[in-house]
Amino acid sequence: MTRIQNQETADEKTVLTKGYEFTAVERKWYDFWQDAKHFRATMDDGKGSFSIVIPPPNVTGVLHVGHALNNTLQDILIRFKRMDGLNTVWVPGTDHAGIATQNVVERQLAQEKISRHDIGRRKFVERVWQWKEESGGQIINQLKRLGCSCDWERERFTMDEGLSRAVREVFTRLYHEGLIYRGDYIINWCPRCHTALADLEVEHEATDGKLYHIRYPYTSGDGYLVVATTRPETMLGDTAVAVHPADERFTDLPEKAVRLPLTERVIPIVFDTHVEREFGTGALKVTPAHDLNDFEISRRHDLPALKVMDDNGVMNQDAGAYAGLDRFACRRKVVADLEALGLLEKVEPYQHGVGHCYRCQTIVEPSLSKQWFVSVKPLAEKAITAVKNGETRIHPKSWENTYFDWMYNIRDWCISRQIWWGHQIPAWTCDDCGEILVSTTDPDTCTACTSRALTQETDVLDTWFSSALWPFSTLGWPENTKELATFYPTSALITSFDILFFWVARMMMMGIHFMGCAPFKDVYLHALVRDADGQKMSKSKGNVLDPLLVMDKYGTDALRFTMTAFAAQGRDVRLSEDRIEGYRHFINKIWNAARFALLHLEDGDRATTAAPGSLPLQHRWILSRLNLTVAEVRRSLDDFRFNDAAHAAYQFVWHELCDWYLEWIKPALYGDDQEAKGVTRSVLLAALEDVLKLLHPMIPFVTEEIWHALPGDRTSIMIEPFPRVLDERNDPAAEECVTLLVGIITGIRNIRSETGIHPSAGIEAGIICHDPDRRALIAEHASAIRDMTRTETLNLVSDGERPKGTASYIYNDIEIFVALEGVIDIAQEMEKMRREKEKIELQVGKISNKLANEKFLANAPADIIAKEQEKHDLFAAKLAKIDEGLARLAELR
RNA sequence: GGGCGGGUAGCUCAGCUGGGAGAGCAUCGGCCUUACAAGCCGAGGGUCACAGGUUCGAGCCCUGUUCCGCCCACCA
């Protein structure tokens, strides 16, 4: 077992085991970070700041893959900015999730065969708090397992004292500003949850239903008007029939009223342009108490509203003979009765959208009710402006349209809920005079009549009301805190697009209204996590990947890196175990690269501080590549292109550092040249340190573990400065040179592989290169070429006869030969060359055409033309080489 | 009905301001080479959905067609 360095054991280094044992490592470092207070926010003067508030998960929730993605991305940013020297804070917390949590506790009660009404409001709410205490820590601990570096001392809960105070303050202010009002309106009622729902909380699902054509007889004679409806049971609440004023079919109505079947009530016929002439029969039954449009028509024509259902979705006294029937039973009976009376003209199948409760999937009932609303239009305007003028940037930008569209068409927000778990609305009604008092503190007496008989509103607020205040309520508002001054507006909000309206839009409105500026500089909307086939993960489909099990099996870093690598903007993340397993290989690769380095590194070794220009080629090259990678990772993270950051780091580590650099420096590390060895170790250490820091935000655990195994005093990688771009490390010449050597080495390996020379067999190779500069370079690095190709003799010639019994490979204008023991298959060799020749000729042809095109020469920028010319020359030289080779082979035949 | 995203290698997807089509996985061949077989070396594989257009030049820009996915919506 490895141990953490501390005062007593300062000389004891972490030793890397053969395989990466993540379970113990993860626990060890997370505890260490917390003990060392590395997550704690800093508010130093003179530093820039970077802040994030967490999208608060439901307090009783369990970590799912969506959380894993969301919080991994946030942790990456906050770790990156923290290392980069900014004042940072990541404010964590949980949401009380009104309806969802109440439902859970109600289900628990149901198992005990009691309802919330049996125990009463006070006891019920106590019971929910108790449940919150029991299970509330769960998701927080799971976030910790994910490695989240939140400032846990600032953990908040939407119903804690401070946030409740903010809620009251906001409600009171909005009420007195006239932006909160109470009124009768059609809302969406969930007959199971027994509460009103906001429009957003209703999910419309295409459902196969029926369209019933019903005859409404005129009061006298045999004539009738036919109306079409999908919900015949609501006819019991009809108070009119509406037709379009310009509809010629209804210009000569025999009378302006009909008899409502089954009730014998007489209802008027009204003319309203809302009616779609093409739909159904062109006549619309008007049920003001159970349909939003009908309600609006009723207002225009001063029609009464008649509620025919109660809160359980059961027909009430006003439904006459149908009272006591469930709404769906009532529908069947109404249809049967109409048919018996010969008033059902026809029934046709009809697919339409039916609203379901987003919490329990019960079909919602539009219902007339007295509720509290926020008048959001004025708030929405400013929220639109903030995005329009760039105060808040939404990424990916394509979401801006959706945001605008919703904001422009926004309707008043119903914020009262008839449940018990939540912020009770701070409004009191005077029992004596009916005065409504709204106040941040509980009032004693009525301000109108001084009566002390005040009754508090029993409704609670929509959960999203308190979430809307999250960016400033968690930083201490309404107090004027240093936190607000330092961290508001927050830097970035990272959340899933599916709560853009529920949450983001409302935070924008509230933040601007109460803080004077938008709550975020950047909003990054990430996609949904789906399964490998693109299906939404759901328990019923059984395709849910449990991030906790994934972490158990593959390690947290593997999960995090997979999430990061797949988090491309605007695309869903398709996750499967295979993919996570794949990226676990990457974690392992880093681990093994570090183990290799540690085989050679010595206690006194330090990362190089030498001028890069003075170093041998391989070192200049790796530092140059590293520098470009640093630039790319920084740029990508700043642009929320997490996948690009992951891929840049992956590419560098695996295919540059491991595949080439580590192989290249082996001879030096295993050799006797002490100076070369020392330089090599110092560069190796420098590259390794930087790459670990670069990767730390994405894969914090394995990088910290390796960090402590490196020579020198190490506190924690998470407080090391994030690598900066160093211009002096850029070395295009070295990169060009290595590209050449890699081309030659690959050529020799290709010949070996194609001709079946055993990998361990030594060979003799020859290189013909006419260019003297490059010939000198090749000569200089001949030993590296030999080492990486297992070549015993490398003959470098300026020109010459192709030796007999060799296979060849053309790399640009360089020809490579490998001697073969047996006789080569000349025909096969020639065939290979001809295929290559065809390809090159195609390319040369294209480029020649381009260069011969006067318009191209006239219009294309000079650098592009030069590049094309260069390419042309290169291909031409290669072509010449191939021709030479073919001629020689032809002679041999 | 309105809007958004997508169609690129067998699969999953990158491809940011237009300038020689990429990655991972999978496939094929060869390797236990002293960090790693969870590995190494090499190879094959694409009419960038279709049709037009703009441009010297289009996977990328414009128009249309088509197929998938999602979101919003007050045609009962």
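The sequence lines fix the lettering, A, B, ..., with proteins before strands; numbering per chain opens at 1. This one's a predicted model, so the numbers in the text were calculated from it and none came from an experiment.
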For this session: Look at atom CD of E736(A) and say whether more than 12 heavy atoms of other residues, nucleotides or ligands are closer to it than 6.0 Å.
Result: no
Problem set entry | Sorted by number, the residues of residues 399-413 of chain A with heavy-atom contact under 4.0 Å to RNA chain B | R411(A)
Exercise. Want to settle it: does G353(A) or E868(A) sit nearer the 5' end of RNA chain B, counting the closest nucleotide to each?
Worked result: E868(A)
Exercise. Should we count NZ of K871(A) as having more than 12 external heavy atoms under 6.0 Å?
Worked result: yes
For this session: Can you tell me the distance, in whole Å, between the CD1 atom of I665(A) and the C1' atom of rU34(B)?
Result: 14 Å
Seminar exercise, completed: Whether each nucleotide of nucleotides 35-46 of chain B has a protein heavy atom under 4.0 Å at its base (B), only at its sugar-phosphate (S) or at neither (-) is summarised, 5' to 3', as BB-BSSSSS---
Exercise. Distance between the C1' atoms of rG59(B) and rA14(B), in whole angstroms?
Worked result: 12 Å
Exercise. Are any non-hydrogen side-chain atoms of S808(A) and I816(A) less than 4.5 angstrom apart?
Worked result: no
Problem set entry | Proximal nucleotide (of rA76(B), rA14(B), rU34(B)) relative to the R790(A) side chain | rU34(B)
Write down the protein N/O and nucleotide N/O pairs, taken from nucleotides 9-12 of chain B, whose separation is under 3.5 Å; answer none if there are no such pairs.
{"unit_1": "rU12(B)", "atom_1": "O4'", "unit_2": "R579(A)", "atom_2": "NH2", "d": "3.4"}
{"unit_1": "rU12(B)", "atom_1": "O2'", "unit_2": "R579(A)", "atom_2": "NH1", "d": "3.3"}

Exercise. Within a radius of less than 6.0 Å around NZ of K846(A), do more than 12 heavy atoms belonging to other residues, nucleotides or ligands occur?
Worked result: no
Seminar exercise, completed: One should read off an interatomic distance between Y650(A) OH and F586(A) CZ, to the nearest 0.5 angstrom, of 7.0 Å
For this session: For rA23(B) versus rG46(B), give the span between their P atoms, rounded off to a whole number of Å.
Result: 14 Å
For this session: Answer yes or no: is there a side-chain heavy-atom contact under 4.5 Å between L842(A) and K839(A)?
Result: no
Problem set entry | Closest to side chain of S398(A), choosing from rC4(B), rG19(B), rA76(B) | rC4(B)
Exercise. W664(A) has an atom CH2; how far is it from atom P of rU33(B), in whole Å?
Worked result: 24 Å
For this session: Mind checking side-chain contact (heavy atoms from CB on, under 4.5 Å) for T273(A) and listing every partner two or more places apart, or none if nothing turns up?
Result: H244(A), P245(A)
For this session: Give a yes or no on whether a salt bridge exists between K878(A) and E836(A), defined as a side-chain N under 4.0 angstrom from a carboxylate O.
Result: yes
Exercise. Can you tell me how far P of rA76(B) sits from NZ of K285(A), to the nearest Å?
Worked result: 12 Å
Exercise. What about the rings of Y524(A) and F642(A), do their centers lie closer together than 6.0 Å?
Worked result: yes
Seminar exercise, completed: From CG of D498(A) across to C1' of rC70(B) the rounded distance in Å is 11 Å
Problem set entry | Where RNA chain B forms stems, i.e. three or more consecutive Watson-Crick or G-U pairs with both distances under 3.5 Å | B:1-7 with B:66-72, B:10-13 with B:22-25, B:27-31 with B:39-43, B:49-53 with B:61-65
Exercise. If you count the non-hydrogen atoms of other residues, nucleotides and ligands that lie under 6.0 Å from CG in D672(A), is the total more than 12?
Worked result: no
Problem set entry | Euclidean distance, atom CD1 of residue I751(A) to atom P of rG30(B) [Å, nearest integer] | 19 Å
Seminar exercise, completed: side-chain hydrogen bond (donor to acceptor under 3.5 Å, both in side chains) pairs touching residues 658-668 of chain A, sequence neighbours excluded, are H619(A)-Y661(A), H655(A)-D659(A), E663(A)-K666(A)
Exercise. Backbone N or O of V702(A) within a donor-acceptor pair of the D557(A) side chain at under 3.5 Å?
Worked result: yes
Can you tabulate the close N/O pairs, meaning under 3.5 Å, that link protein atoms to atoms of nucleotides 22-24 of chain B?
{"unit_1": "rG24(B)", "atom_1": "OP1", "unit_2": "H655(A)", "atom_2": "NE2", "d": "3.1"}

Exercise. If you measure from the C1' atom in rA43(B) to the same atom in rU47(B), how many Å do you get, rounded?
Worked result: 24 Å
For this session: Could you check how far NZ of K397(A) sits from C1' of rU17(B), rounded to whole Å?
Result: 15 Å
For this session: Kindly write out the residues that satisfy ring-ring contact (aromatic ring centres under 6.0 Å, His included) with F501(A), not counting sequence neighbours, or none if the list is empty.
Result: W406(A)
Exercise. What do the steps show when you test Y212(A) against E348(A) for side chain to side chain donor-acceptor pair (under 3.5 Å), and what is the final call?
Worked result: CA-CA 7 Å; Y212(A) 302 88; E348(A) 49 193 18; over 6 Å; no
For this session: For rU12(B) versus rA49(B), give the span between their P atoms, rounded off to a whole number of Å.
Result: 15 Å
For this session: List for me each residue that meets side chain to side chain donor-acceptor pair (under 3.5 Å) alongside H204(A), sequence neighbours excluded, and say none if there are none.
Result: none
Problem set entry | Separation of the C1' atoms in rG30(B) and rA21(B), to the nearest angstrom | 28 Å
Problem set entry | Identified side-chain contact (heavy atoms from CB on, under 4.5 Å) partner of L545(A) from the options I580(A), L559(A), V529(A) | I580(A)
For this session: Not counting sequence neighbours, which residues clear side chain to side chain donor-acceptor pair (under 3.5 Å) with R506(A)? List them please.
Result: none
For this session: Would you jot down, in residue-number order, the residues of residues 840-848 of chain A having a non-hydrogen atom under 4.0 Å from RNA chain B?
Result: Q843(A)
Exercise. Considering only heavy atoms from C-beta outward, does the side chain of P261(A) approach that of R215(A) to under 4.5 Å?
Worked result: no
Problem set entry | Residues in salt bridge (Lys or Arg N to Asp or Glu O under 4.0 Å) contact with R393(A), at least two apart in sequence or another chain | D522(A)
